[in-house]
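As the structure lists them, so they are numbered: ligands from 1, and atoms in each ligand from 1. If you read the sequence from its start, that first residue is 1, and numbering goes on from there.
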Amino acid sequence: TPYDYIVVGAGPGGLVTADRLSQAGKKVLLLERGGPSTGETGGRDVPPWANGTSLTRYDIPGEFQAMFGSSGPSYWFCSDINTFAGCLVGGGSSINGGLYWYPTDLDFSTDRGWPSSWSNHDQYTQALIQRLPSNDNTSPDGVRYLEEVFPVMSDILTPMGFQNITLNSNPNFKDHAFGYSAYNFQNGKRWGPVATYLQTAQPRSNFKMELYTVVTSVARNGSTITGVQTNNTAIGPNGFIPLNPNGRVILSAGSFGTPRILFQSGIGPSDMISLVQQNAEANAFLPPASDFIDLPVGFNVQDNPSINLMFTHPSINAYDNWANIWSDPVPADAAQYLKDQTGVFAMSSPRVNFWRATSGTDGITRYAQGTVRPGFDSVTTSYPYNASQVFSITTYLSTGVTSRGRVGLTSSELGAGALTNPWFTDPVDKSTIITVLEEIISAAAKVPNLTLITPDNTTTLTDYVNNYPTSSLGSNHWVGSCSIGQVVDENALVMNTTNLFVVDASIVPALMTGNPQGAIMSAAEQAVARILALPGGP
Ligand code: 6FA
Ligand code: ABL
C-alpha cells in the first residue's frame with residue numbers, strides 16, 4: 001500500500017517526525033533497519049540479574065557502560081559504520097549516555113550556519129520539553145547516588161569562578177557554569193523519544209512501523225521521489241514501497257545512514273556515486289546518470305574532539321570501573337533497583353557537567369564542555385595509583401569548534417565512515433583545548449589529596465594531546481553531513497528534488513553547545529512543522 005509519508009530511521013530525528021506527521025492525520029510508515037530495544041518495544045535483552053523482568057539493558061540507565069563491555073556481541077551498534085552508532089529502535093537514543101541539554105539560542109543562530117528563519121527555536125524547544133522534560137536527579141527516591149565526584153569538582157571549579165547551577169534551568173548560561181548531569185531518564189529508566197513520541201504514534205491507525213527493514217535508495221522520476229527501495233520483500237513487491245501522489249520521503253537515518261541512502265539514489269559527489277556504480281547490486285537501482293544530483297553530501301562534518309584527564313582522590317568510589325554491572329553487580333544495588341528502580345542503576349555514568357567560553361588565538365570564541373564520571377577508559381601512567389579511586393574528566397571542545405571533516409562510503413562494499421577525520425584539522429582548535437586543559441590541571445593542583453595520574457609527569461600536556469589515539473579523540477556527536485543551506489534548504493528539502501527531506505543530525509550545520517540529542521529533537525520539531533506547512537504535500 002502507498003503512504004503519504006515514509007520516514008526512514010527510528011532515531012531521535014525520525015521518531016519526533018513520524019509522531020508529528022501521524023498526529024496531523026497523515027498516513028505514515030516508519031522504517032527501521034534494526035530490531036526492538038527497550039522492554040516496551042519488545043526488547044528482551046535483560047541482564048541475568050534482572051531475569052524474569054522486562055528491564056532490558058536499554059531500560060536500565062546504569063547498564064550504559066556495559067554497551068562498551070565484553071558481555072557478548074554488540075549487535076546494537078551498526079555493523080557497517082566504522083564508528084559507534086545505534087541500529088535499533090531509538091537509534092542513538094537507546095544506547096547513548098542519556099545526557100540531555102536544552103539547546104541554547106547560539107545553537108540555532110546564523111553564526112552557527114542556520115538560516116535566519118530558524119533562530120526562533122524557542123517554541124519548538126518548548127514543544128520538545130513538554131513531551132520530554134530533562135531530569136538531573138533520576139533515582140525516583142530523590143537520593144543522589146555515587147556522587148563523590150561532585151564535591152571534588154566543586155573544589156576545582158569554584159575557585160576558577162564557576163557557578164553551580166541547575167544547568168537546564170538556564171540553557172544560555174554556559175560560561176563558567178557547572179552542575180549535576182541532566183538526563184532524558186524518568187522513573188529510574190531510560191526514557192527519551194522511544195518512551196514518549198513513539199508511544200503516542202503507535203496506537204494511531206494511520207501509523208505503522210516496520211523493523212528489520214533496510215532502505216537502500218529512493219526511487220525517483222527525475223526530481224520526484226516515487227517510493228523507497230528496501231531489502232524487505234514481505235512489505236512490497238521486490239521490497240519496493242510506493243508513495244501516494246504528492247507523498248514525501250523523509251530520511252532520518254543519521255549522519256552516516258542518510259548520506260549512504262542519498263549516494264545510492266544518485267545524489268551526492270561523483271566520487272561517492274562512482275563507488276555505488278562499482279557495486280553491481282546497488283548500481284541496478286541508480287537512476288540514469290543524467291538524473292544524478294551533485295550536492296556536497298558528506299562534507300562539512302563536525303564531531304567534538306575530546307580529551308580525558310584521569311585523577312584519583314581518596315573520597316572517590318570508582319565503582320569497580322563498572323566492570324561487573326552486567327554479570328555480577330553489587331548485590332544490594334541490583335536488589336534495590338529491582339525493587340523500585342532506585343539507586344545507582346537509575347543513572348548512567350556521568351555525574352557532573354561544566355562549560356566555559358574561551359577565546360582562541362584567532363579571536364574566535366569556542367566553548368569547552370566537561371563531563372565527569374567515576375571510573376575511566378584506560379589509564380596510562382607511570383605512577384602507582386589506587387584504581388578504586390579514579391575518576392575522569394572528559395573535556396570536549398564544544399560549539400565554536402572550527403575543524404571540519406568528511407564522511408561517506410569507505411569502499412564499493414558501501415560501508416560508511418569518516419573519510420577525513422574532523423578533529424583538529426584547524427590547529428587553533430587544538431591550542432584552545434590545551435589552554436582549557438592547562439587551566440583545569442593547575443586548578444586541580446590546588447585541591448588537597450587530588451592527584452592527576454593521566455597524563456603523568458613523563459608526558460607534557462601538549463605531547464599527550466598530540467599523541468592522543470584517534471580512536472578515542474571523537475565523541476559520537478557527528479553533525480553536518482547534509483547541512484542545511486548546502487544539501488537541504490530551510491525546509492529540510494533536499495535541493496533539486498521536489499519531495500525528499502532530511503530530518504536528523506546530518507542537517508545540523510555546526511556543533512551545538514552540549515551533547516546533541518536535545519538540539520536534534522528541537523530541530524526535528526521545527527523541521528516537521530515546516531514540512532507540514534509546505535504546500536503541495538499529501
Ligand atoms: N547524545 C546526547 O545528547 N547525549 C549522550 O549522552 C550521547 N551519548 C552517545 C553515546 O554514548 C554513544 C555511544 C553514541 C553513539 C551517541 C551518543 N550521543 C549522545 C549522540 C546521539 O545519540 C546522536 O547524536 C543521535 O542519536 C542522532 O540522532 P539521529 O536521529 O540523527 O540518528 P540515529 O543514528 O540516532 O538514528 C538513525 C536510525 O536510523 C537508527 O535507528 C538506524 O538503525 C536507522 N537507519 C540507518 N540507516 C537505515 C536504513 N538504511 N534503513 C532503515 N533504517 C536505517
Ligand atoms: C556522550 O555524549 C558521548 O557520545 C559518549 O561517548 C559518552 O560515553 C556519553 N555521552 C557519556 O558521557 C562514553 C563512555 O563513558 C566511555 O566509557 C566510552 O569509552 C565512550 O563513550 C566511547 O566513545
Side-chain angles (χ1 to χ4, degrees), residues 6-17 30-35 37 61 64-69 74 76-78 80-81 83-101 103 181-184 192-194 210-217 228-232 251-261 264 303-304 306 308 321-322 348-351 353 369-378 392 394 396 414 416 471-479 481-482 502-508 511-512 514-521 523-524:
I6 299 173
V7 180
V8 182
L15 289 172
V16 171
T17 304
L30 175 60
L31 297 173
E32 166 55 46
R33 64 180 269 182
S37 51
F64 167 63
Q65 287 294 143
M67 294 292 172
F68 311 100
S74 310
W76 48 89
F77 291 130
C78 309
D80 53 10
I81 298 178
T83 179
F84 292 128
C87 267
L88 73 179
V89 173
S93 74
S94 289
I95 53 105
N96 69 22
L99 292 173
Y100 177 46
W101 310 110
S181 300
Y183 291 100
N184 60 2
V194 169
E210 289 280 355
L211 304 185
Y212 302 115
T213 303
V214 180
V215 171
T216 46
S217 61
V228 299
Q229 186 59 48
T230 76
N231 69 346
N232 186 346
L251 301 180
S252 302
S255 290
F256 297 90
T258 289
R260 174 162 41 200
I261 296 168
Q264 292 187 83
D303 178 46
N304 308 98
S306 76
N308 282 330
N321 207 23
W322 308 90
S348 69
S349 54
R351 290 294 182 277
N353 285 91
Q369 174 186 348
T371 297
V372 187
R373 67 177 180 97
F376 53 90
D377 280 329
S378 67
S392 315
T394 305
Y396 298 105
L414 311 185
S471 57
S472 306
L473 197 52
S475 58
N476 314 305
H477 297 163
W478 303 84
V479 298
S481 56
C482 300
V502 178
V503 184
D504 59 21
S506 67
I507 67 169
V508 174
L511 276 169
M512 48 288 276
N515 313 58
Q517 59 183 346
I520 292 166
M521 290 187 279

Quiz item: Do R260 and I81 have side-chain heavy atoms sitting under 4.5 Å apart?
Solution: yes
Quiz item: What's the shortest distance from atom 28 (O) of ligand 1 to any protein heavy atom, and which residue and atom give it?
Solution: P12 CD, 3.4 Å
Quiz item: In a check of side chain to side chain contact (heavy atoms under 4.5 Å, CB included) between L251 and each of V7, V8, V228, which one passes?
Solution: V8
Quiz prompt | Nearest neighbour in protein (non-hydrogen) for atom 22 (O) of ligand 1 | solution = N96 ND2, 3.1 Å
Quiz item: Does an N or O anywhere in Q517 fall below 3.5 Å from an N or O of ligand 1?
Solution: yes
Self-check item: Shortest protein heavy-atom distance from atom 50 (N) of ligand 1, along with the residue and atom involved
Solution: V215 O, 2.8 Å
Self-check item: Interfacing atoms of ligand 1 (cut-off 4.0 Å, heavy-atom, C87)
Solution: 43 (O)
Quiz item: Is ligand 1 under 4.0 Å from a heavy atom in the side chain of F68, in the backbone, in both, or in neither?
Solution: side chain
Quiz prompt | For N96, side chain to side chain contact (heavy atoms under 4.5 Å, CB included) partners two or more places apart | solution = S93, R190, Q517
Quiz item: Under 3.5 Å, is there a donor-acceptor pair between the side chain of S252 and the main chain of V503?
Solution: yes
Quiz prompt | Any N or O of E32 closer than 3.5 Å to N or O of ligand 1 | solution = yes
Self-check item: Top protein contact for atom 4 (N) of ligand 1, by heavy-atom distance
Solution: L99 O, 2.8 Å
Quiz item: Just wondering, do L99 and S181 contact through their side chains at under 4.5 Å, heavy atoms?
Solution: yes
Practice problem: Please write down residue, atom name and distance for the protein heavy atom closest to atom 46 (C) of ligand 1. | Solution: A253 O, 3.3 Å
Quiz item: Who are the residue neighbours of ligand 2 when the rule is a heavy atom under 4.0 Å from any of its atoms?
Solution: F64, Q65, F68, F84, L99, P350, T371, R373, D377, Y396, S475, N476, H477, N515
Practice problem: Answer side chain, backbone, both or neither: which part of F64 comes under 4.0 Å from ligand 1, heavy atoms only. | Solution: side chain
Practice problem: Go through ligand 1 atom by atom and flag the ones less than 4.0 Å from a non-hydrogen atom of V214. | Solution: 50 (N), 51 (N)
Practice problem: Evaluate the side-chain proximity of S472 to D377: yes if any heavy-atom separation is below 4.5 Å, no if none is. | Solution: no
Quiz item: Can you tell me how far the OH atom of Y183 sits from the CG atom of N515, to the nearest 0.5 Å?
Solution: 10.0 Å
Quiz item: Which option, G86, G518, S252, S217, owns the non-hydrogen atom nearest atom 40 (C) of ligand 1?
Solution: G86
Quiz item: What are the atoms of ligand 1, with element, lying closer than 4.0 Å to any heavy atom of G92?
Solution: 22 (O), 26 (O), 33 (P), 35 (O)
Quiz prompt | Stepwise side chain to side chain donor-acceptor pair (under 3.5 Å) test for N304 and S306 | solution = CA-CA 6 Å; N304 308 98; S306 76; over 6 Å; no
Quiz item: If we only count N/O pairs under 3.5 Å, is I520 in contact with ligand 1?
Solution: no
Quiz prompt | Side chain, backbone, both or neither: L88 near ligand 1, heavy atoms under 4.0 Å | solution = backbone
Exercise. May I ask you to list the atoms of ligand 1 that are less than 4.0 angstrom from any heavy atom of G97?
Key: 5 (C), 6 (O), 7 (C), 8 (N), 9 (C), 10 (C), 11 (O)
Quiz prompt | Min N/O separation R33 to ligand 1 under 3.5 Å | solution = yes
Exercise. May I ask you to list the atoms of ligand 1 that are less than 4.0 angstrom from any heavy atom of I261?
Key: 50 (N)
Quiz item: Nearest to atom 39 (O) of ligand 1, what protein heavy atom do you find, and at what distance?
Solution: G9 CA, 3.2 Å
Quiz item: Looking at G13, which atoms of ligand 1 are within less than 4.0 Å of one of its heavy atoms?
Solution: 30 (O)
Quiz item: Under 3.5 Å, is there a donor-acceptor pair between the side chain of T213 and the main chain of L211?
Solution: yes
Quiz item: For ligand 1, which atoms have a heavy atom of V8 less than 4.0 angstrom away?
Solution: 51 (N), 52 (C)
Quiz prompt | Nearest non-hydrogen protein atom, atom 15 (C) of ligand 1 | solution = F84 O, 3.4 Å
Quiz prompt | Backbone or side-chain N or O of A505 under 3.5 Å from ligand 1 N or O | solution = yes
Quiz item: What about P516: any of its N or O atoms under 3.5 Å from an N or O on ligand 1?
Solution: yes
Quiz item: At what distance is the nearest protein heavy atom to atom 14 (C) of ligand 1, and which residue and atom is it?
Solution: N476 CB, 3.6 Å
Practice problem: Under 4.0 Å from a heavy atom of T213: give me the atoms of ligand 1 that qualify, with their elements. | Solution: 51 (N), 52 (C)
Quiz item: Which one of A519, G11, G254, P193 has a non-hydrogen atom at the shortest distance from atom 32 (O) of ligand 1?
Solution: G254
Quiz prompt | Contact check, side chains of P374 and W322, non-hydrogen atoms, under 4.5 Å | solution = yes
